[in-house]
**Student:** 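Sharing a structure below in structure tokens format, with a few things to ask.
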Amino acid sequence: VSPRRCRRRNPRRFIRARLTTDRAHATIAVWAVVAGEAAVVATVAHGSLTEVVGAALGTALVAAVLGLAWTARSNRAGATR
């Protein structure tokens, strides 16, 4: 069923489908961040606890900035529909 037909027939179904898609994208993004942090710790920042904590904080900061950018982009795209 196309999103347009689904939206006309049952708006709740469309909203649930959209939330499911957004949830799947969020899960993929979280796992990508975890993999990135593991790679940084395994290759560069594994000499001391301070380096590991710094890598974790840096990765969290990058994830937050990317999340905000993604949200702003999604909001702009939603406003133009």
**Student:** Nearest heavy-atom pair of E51 and V44: which atoms, and what distance?
**Tutor:**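 Between these two residues, the closest heavy atoms are OE1-O, 4.0 Å.
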**Student:** Which pair of heavy atoms, one from A45 and one from V52, lies closest together, and at what distance?
**Tutor:**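 Smallest heavy-atom distance, with atoms named: O-CG2, 3.4 Å.
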**Student:** Decide whether L49 and L57 are clustered together by the hydrophobic rule: side chain heavy atoms of Ile, Leu, Val, Met, Phe, Trp, Tyr closer than 4.5 Å, transitively.
**Tutor:**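 They do share one cluster, since a chain of ILVMFWY contacts under 4.5 Å joins L49 to L57.
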